[in-house]
Every structure is written in C-alpha cells, then in structure tokens.
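Okay, so here's the structure we're looking at.
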Amino acid sequence: MRVSHTQFATAVVFIIWFHRVRANAEEFAPDLQRRRPGWAIGGWFVPIGNFYIPRAIATDIWAASRQDPYGTGKQEPHTIINVWWIAWIGSNLVNGIAGAQYDMAQTADEFLAGADAFIVGCLADIGAALLAVVVVQRLTRMQHTKARRAESAAV
C-alpha cells in the first residue's frame with residue numbers, strides 16, 4: 001500500500017500529538033497509565049500489538065483527562081475512542097483486502113472489483129479520519145479544561 005506525503009505527515013503529527021497528550025496524562029493521573037510514555041509512539045509500530053496497544057493507551061489517557069479520573073467515567077465515557085478504533089481497524093482491513101484483490105486480478109471485471117473495494121476503503125479511511133478528529137478535539141479540550149482548573153485551584 002502506498003502512503004502519500006500528506007498521509008505520512010498527518011500520521012507524524014498525530015503521533016506527536018498522541019505522545020504529548022500521553023505526557024499530560026502522566027501529570028494528571030500517573031497511576032492510571034499502564035504503559036510508559038514511549039509506547040504512545042512505539043505502540044503504533046509493533047506488529048500485531050499495533051492493533052490494541054494504541055487503543056489501550058488512548059483509553060488510559062482519556063481516563064486521566066476526565067474531570068474525575070478515579071470516578072466511574074459515566075459523565076465522560078470513552079465510547080468515541082472505541083468507535084474511532086473500530087473504524088480505523090476496519091479501514092485497514094478493507095484496504096488490505098482491496099489491495100490483495102486488486103493485485104490478484106487477472107480480468108477487467110476483477111480489476112474493477114478491486115477498484116470498487118479501494119473506493120470502499122477510501123470511504124472507510126475518511127470515516128476513521130473524521131472520528132480521529134473528534135477524538136483529538138475531545139481529548140485536547142478535556143486536557144485544556146483540566147489544566148485550567150488545576151491552575152485556578154493553585155492560585
């Protein structure tokens with residue numbers, strides 16, 4: 001699968017942001033972080049582990065970023081992380097299948113079927129990307145709110 005320069009740059013910026021919010025989570029509730037901060041970067045590159053490590057880190061970050069990190073989380077559930085993660089994994093699977101289907105195509109109809117599968121994969125990518133934007137906005141907002149409250153409480 002080819003990755004465009006834009007996709008690569010977006011992935012780099014996202015992983016930098018992910019590491020930053022993980023570092024912030026360490027300040028908010030270090031005992032809720034099950035992995036060291038470096039895993040916020042490395043977890044994306046571990047074969048097989050990249051299917052579950054980043055999601056686990058994201059839920060730890062979410063828990064630490066809630067107003068009450070030790071509460072039940074009912075006021076700030078991490079449903080959006082689960083939906084985004086399912087969409088991201090799904091888009092990767094669809095794109096992998098589409099690539100294999102296209103690569104094995106021998107007839108015009110098989111190439112068209114592979115191209116159709118790529119279109120479905122692109123739509124899944126768009127959905128996962130939009131959900132990632134929501135995750136970024138929510139986590140960033142949660143952390144800004146929490147940091148502001150901590151600053152005003154310290155004054």
Side-chain angles (χ1 to χ4, degrees), residues 1-26 28-29 32-67 69 72-146:
M1 178 174 84
R2 271 182 67 113
V3 175
S4 73
H5 296 297
T6 305
Q7 288 172 314
F8 180 75
T10 302
V12 168
V13 170
F14 180 85
I15 290 172
I16 290 169
W17 168 83
F18 196 64
H19 184 261
R20 184 68 236 156
V21 293
R22 170 55 185 85
N24 293 344
E26 187 80 19
F28 297 143
L32 294 180
Q33 305 309 301
R34 294 176 284 181
R35 290 178 178 82
R36 306 284 301 153
W39 281 104
I41 297 169
W44 295 96
F45 302 101
V46 175
I48 308 300
N50 60 359
F51 285 105
Y52 63 89
I53 293 171
R55 186 214 162 263
I57 293 169
T59 58
D60 291 350
I61 294 167
W62 188 279
S65 302
R66 294 188 314 228
Q67 290 309 306
T72 63
K74 288 182 181 177
Q75 294 79 16
E76 299 162 306
H78 64 267
T79 307
I80 188 63
I81 289 176
N82 292 334
V83 173
W84 158 65
W85 195 252
I86 290 167
W88 186 78
I89 295 292
S91 73
N92 281 289
L93 291 174
V94 169
N95 284 315
I97 292 167
Q101 186 176 3
Y102 193 83
D103 289 344
M104 292 187 307
Q106 305 259 331
T107 67
D109 285 341
E110 290 172 345
F111 278 109
L112 285 174
D116 288 345
F118 270 124
I119 290 170
V120 172
C122 288
L123 293 173
D125 284 342
I126 291 168
L130 292 173
L131 288 164
V133 167
V134 173
V135 169
V136 168
Q137 289 176 333
R138 291 234 186 119
L139 262 176
T140 301
R141 187 177 325 119
M142 288 168 70
Q143 288 196 346
H144 283 183
T145 300
K146 189 162 187 151

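Inter-residue side-chain proximity for Ile57 and Arg34 is flagged as unmet; no heavy-atom pair is nearer than 4.5 Å. Arg22 places none of its side-chain heavy atoms less than 4.5 Å from the side chain of Ile41.
A pairwise comparison of heavy atoms in Ala128 and Trp84 identifies O-CD1, 3.5 Å as the closest pair. Here the closest heavy-atom approach between residue Trp62 and residue Ile81 is recorded as CE3-CD1, 3.5 Å. His19 approaches Pro37 most closely through the heavy-atom pair CD2-O, 3.3 Å. Closest non-hydrogen pair, Gln143 versus Ala25, comes out as NE2-N, 3.9 Å. In terms of heavy atoms, Pro69 sits closest to Ala29 at CB-CB, 4.2 Å. Closest approach of Trp88 and Asn50 over heavy atoms only: CZ3-O, 3.9 Å.
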Check the pair Arg66 / Met142 against side-chain contact (heavy atoms from CB on, under 4.5 Å), numbers first and verdict last.
CA-CA 7 Å; Arg66 294 188 314 228; Met142 288 168 70; 3.9 Å; yes
List the steps and the verdict of side-chain contact (heavy atoms from CB on, under 4.5 Å) for Gln67 and Gln75.
CA-CA 9 Å; Gln67 290 309 306; Gln75 294 79 16; over 6 Å; no
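Here CG of Asn82 is found 8.0 Å from OG1 of Thr59. Values are rounded to the nearest 0.5 Å. In this structure, the separation between CG on Leu139 and CD1 on Ile61 is 6.5 Å, given to the nearest 0.5 Å. Atoms CD1 and CG, from Ile97 and Asn92 in turn, are 11.0 Å apart once rounded to the nearest 0.5 Å. Between the CZ atom in Arg138 and the CZ atom in Arg141 there is a gap of 7.0 Å [rounded to 0.5 Å]. Atom CG of Asp125 is separated from atom CZ of Phe118 by 10.5 Å, given to the nearest 0.5 angstrom. Summarising the geometry, atom CG belonging to Leu131 is positioned 13.0 Å from atom CH2 belonging to Trp85; distances are rounded to the nearest 0.5 Å.
Aromatic ring orientation, Phe14 versus Trp17: tilted (interplanar angle from 30° to 60°).
Atom CZ of Arg36 has 12 or fewer heavy atoms from other residues, nucleotides or ligands within 6.0 Å. A 6.0 Å sphere centred on CH2 of Trp39 holds no more than 12 heavy atoms belonging to other residues, nucleotides or ligands. Other residues, nucleotides and ligands contribute only 12 or fewer heavy atoms inside 6.0 Å of the OH atom of Tyr102.
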